[in-house]
Amino acid sequence: MNVLIKSATVIDTSSKFHNQIVDVLIEKGKISQIAKSIKNTSNYKEIELDNLHISQGWFDSSVCFGEPGFEDRETIENGLKTAAKSGFTSIALQANTNPIIDTSSDVTFVLSKAQTQPVDLLPIGALTKNSESVDLAELFDMKNAGAVAFSDYKKPITNPNLLKIALQYASNFDGLVCSFPLEQKIAGKGIVNEHVSSTMLGLKGSPNLAESLQVARDLYILEYSGGKLHIPTISTKESVKLIREAKEKKLDVTCSVAIHNLFLTDDVLNEFDTRYKVNPPLRTQDDIDALIEGIKDGTIDMVTSDHNPQTIEEKKVEFDHANYGTIGLESAFSALNQIFSTKKSIQLLTKGKERFGSITSKIEEGEVANITLFNPNEKYVFGKSNILSKSKNSAFLGQELKGKAYGIYANKKIVL
């Protein structure tokens, strides 16, 4: 679709038009002209929106949908529509489906479901067969089929030798190995952060040590074996310190943090609301301060919504028995923009693309049009009307947020 975007403020530090208000003409999927004013001589569709800003398309490194097997949580089609309307032009899809995405045919299936969508779906294959942490899955075959990384979603690699072998094997084809930071024997049956709040509420706590011990183990293995390691959704100040030291050693490691772990503390648990049951758990303000500092100094490479839909039957039960997870695509930008400047929020939502093989395209003439449209200043209270997902388990309901995505232009399609 050919479109003319009118009077848009460009937020793209790699573009010479950064911070300028311009018109952008898109023809045949490419940016053909950027100027202060462009006449619509060809009668293309015009996009003119209140306080319109544009940036490179946003990317999310950890998204769950459910299909195949858990379509009652979310389908690929509706999930990608939700991502588009939330401002994301590409998402990395986790393998926690039924069956687990652990073969090349599984990867091919999810890619086929997304062929006609404007949002790029980047499959993450399971690291081990059926995500059971026993035997490696078909990593090379899945890579050839289109998998961008390998991860057992929210399941730690219990066998350290298996992680070592995975890193060494995947390095032969530049594969990215993800290791969830949790030492299960330390965490035990803990379901929330081990803190004053867990004691007062009578809920079993999981200490920071359960995360940092696994991070330390994984970094030692990476230093020994080489390879590419990604540590998803860290949540503690100790993890930030360990990864900062590893980067000083020039280890090939990246990490992410879930937006809800930057926004909410375990103080919200006092009403036993299962929307706040997430993994890793919500921590303390000290941890949040350390995570924010890690973002500012570059220790933390990317943020993720860690979008994980769960049905009402899986959430509206006793806290101990509820599934982990919150949806987050719809609230991701608005929550980040409440914590950081708009420029920093956009930087965080566009970092990590190269690590996961997503398209990177500047807002410059001649570039492929991969653009997010948004208003950074609109303030609102996030409510059920803002949820586009099939599942409604958002930890951000009732929160005051700032900024809204209008939609995207990607793959020659516009979604608003």
Side-chain angles (χ1 to χ4, degrees), residues 3 5 8-20 22 24-34 53-63 80 83-84 86-93 111 114-115 117-124 143 146-149 173-176 178 228-230 232 247 252-257 259 295 298 300-305 329 332-333 336 340 342-374 376 405-415:
V3 300
I5 300 174
T9 302
V10 176
I11 306 295
D12 182 359
T13 54
S14 65
S15 168
K16 65 184 178 185
F17 298 101
H18 178 57
N19 277 339
Q20 296 183 34
V22 295
V24 179
L25 182 63
I26 300 172
E27 297 178 293
K28 297 179 180 178
K30 287 192 173 185
I31 300 173
S32 58
Q33 187 181 357
I34 301 177
H53 287 57
I54 60 174
S55 72
Q56 292 185 28
W58 302 343
F59 165 70
D60 194 326
S61 62
S62 179
V63 172
L80 291 177
S86 303
F88 292 90
T89 60
S90 58
I91 59 98
L93 183 69
L111 284 172
Q115 274 183 343
Q117 299 292 333
V119 177
D120 289 327
L121 185 152
L122 310 174
I124 296 176
K143 172 83 170 180
V148 297
F173 50 89
D174 200 33
L176 178 62
C178 306
K228 291 168 61 175
L229 179 67
H230 178 70
K247 289 193 169 189
D252 193 351
V253 60
T254 53
C255 67
S256 67
V257 59
I259 295 168
I295 285 173
I300 297 174
D301 301 272
M302 60 197 87
V303 297
T304 172
S305 70
L329 285 171
F333 168 64
L336 266 186
F340 301 100
T342 298
K343 177 183 171 183
K344 186 65 176 178
S345 298
I346 299 306
Q347 180 192 29
L348 291 171
L349 289 169
T350 52
K351 283 182 73 177
K353 286 184 168 188
E354 187 176 342
R355 188 70 162 174
F356 283 84
S358 177
I359 183 173
T360 302
S361 183
K362 296 185 292 185
I363 299 180
E364 295 274 11
E365 292 177 357
E367 290 277 336
V368 172
N370 189 273
I371 294 172
T372 296
L373 301 85
F374 60 98
Y406 284 127
I408 63 168
Y409 183 97
N411 290 318
K412 301 181 181 179
K413 296 181 179 72
I414 183 93
V415 179

Using ring pair (Phe, Tyr, Trp, His ring centres under 6.0 Å) as the criterion, list what pairs up with F17, not counting sequence neighbours.
none
With F333 via ring pair (Phe, Tyr, Trp, His ring centres under 6.0 Å) - residues at least two apart
W58, F374
Taking NZ in K30 as the centre, count heavy atoms belonging to other residues, nucleotides or ligands within less than 6.0 Å. Is the count above 12?
no
Answer yes or no: are there more than 12 heavy-atom neighbours, outside K413 itself, under 6.0 Å from its atom NZ?
yes
Taking it one step at a time, do E367 and S15 satisfy side-chain hydrogen bond (donor to acceptor under 3.5 Å, both in side chains)?
CA-CA 11 Å; E367 290 277 336; S15 168; over 6 Å; no
Write down the atom of [X], the atom of [Y], and the distance for their closest heavy-atom approach.
X    : Y    : answer
V119 : A84  : CG2-CB, 3.6 Å
S305 : A332 : CB-CB, 4.2 Å
G146 : P123 : O-CD, 3.5 Å
C178 : A149 : SG-CB, 4.1 Å
I124 : F356 : CD1-CE2, 4.3 Å
K143 : F173 : CE-O, 3.5 Å

Restricting to pairs with a member in residues 356-366, which pass salt bridge (Lys or Arg N to Asp or Glu O under 4.0 Å), not counting sequence neighbours?
none
Sequence-distant partners of [X], side chain to side chain donor-acceptor pair (under 3.5 Å), two or more places apart:
X    : answer
T304 : D60
D252 : R355
T350 : none
Q117 : none

Could I get the full list of salt bridge (Lys or Arg N to Asp or Glu O under 4.0 Å) partners for D12, not counting sequence neighbours?
none
Applying salt bridge (Lys or Arg N to Asp or Glu O under 4.0 Å) to K228 and not counting sequence neighbours gives D174
Quick one: [atom1] on [X] to [atom2] on [Y], what's the gap to the nearest 0.5 Å?
X    : Y    : atom1 : atom2 : result
S256 : D301 : OG    : CG    : 8.5 Å
I34  : K16  : CD1   : NZ    : 8.0 Å
I11  : H18  : CD1   : NE2   : 5.5 Å
I26  : I5   : CD1   : CD1   : 4.0 Å
I359 : S90  : CD1   : OG    : 8.5 Å
S361 : I371 : OG    : CD1   : 7.5 Å

Steps toward side-chain contact (heavy atoms from CB on, under 4.5 Å) verdict (T372, I54):
CA-CA 6 Å; T372 296; I54 60 174; over 6 Å; no
Full working for side-chain contact (heavy atoms from CB on, under 4.5 Å) between Q347 and F340
CA-CA 10 Å; Q347 180 192 29; F340 301 100; over 6 Å; no
Under the criterion side-chain contact (heavy atoms from CB on, under 4.5 Å), I'd like the reasoning laid out for H53 against L373: C-alpha separation, chi angles, the key distance, then a yes or no.
CA-CA 6 Å; H53 287 57; L373 301 85; over 6 Å; no
Only one of D120, N411, T89 passes side-chain hydrogen bond (donor to acceptor under 3.5 Å, both in side chains) with N370, and that residue is T89
Report the residues that fulfil side-chain contact (heavy atoms from CB on, under 4.5 Å) with V253, sequence neighbours left out, ordered by chain and then residue number.
L219, L222, L229, I231, A246, K247, L251
Pairing residues for L25 by the side-chain contact (heavy atoms from CB on, under 4.5 Å) criterion, not counting sequence neighbours:
L4, E27, S32, Q33, I38, Y44
Evaluate the criterion side-chain contact (heavy atoms from CB on, under 4.5 Å) for residue pair I91 and L80; output intermediate values, then yes/no.
CA-CA 8 Å; I91 59 98; L80 291 177; 4.0 Å; yes
Without swapping roles, check the side chain of K343 against the backbone of T13 for a donor-acceptor pair under 3.5 Å.
no
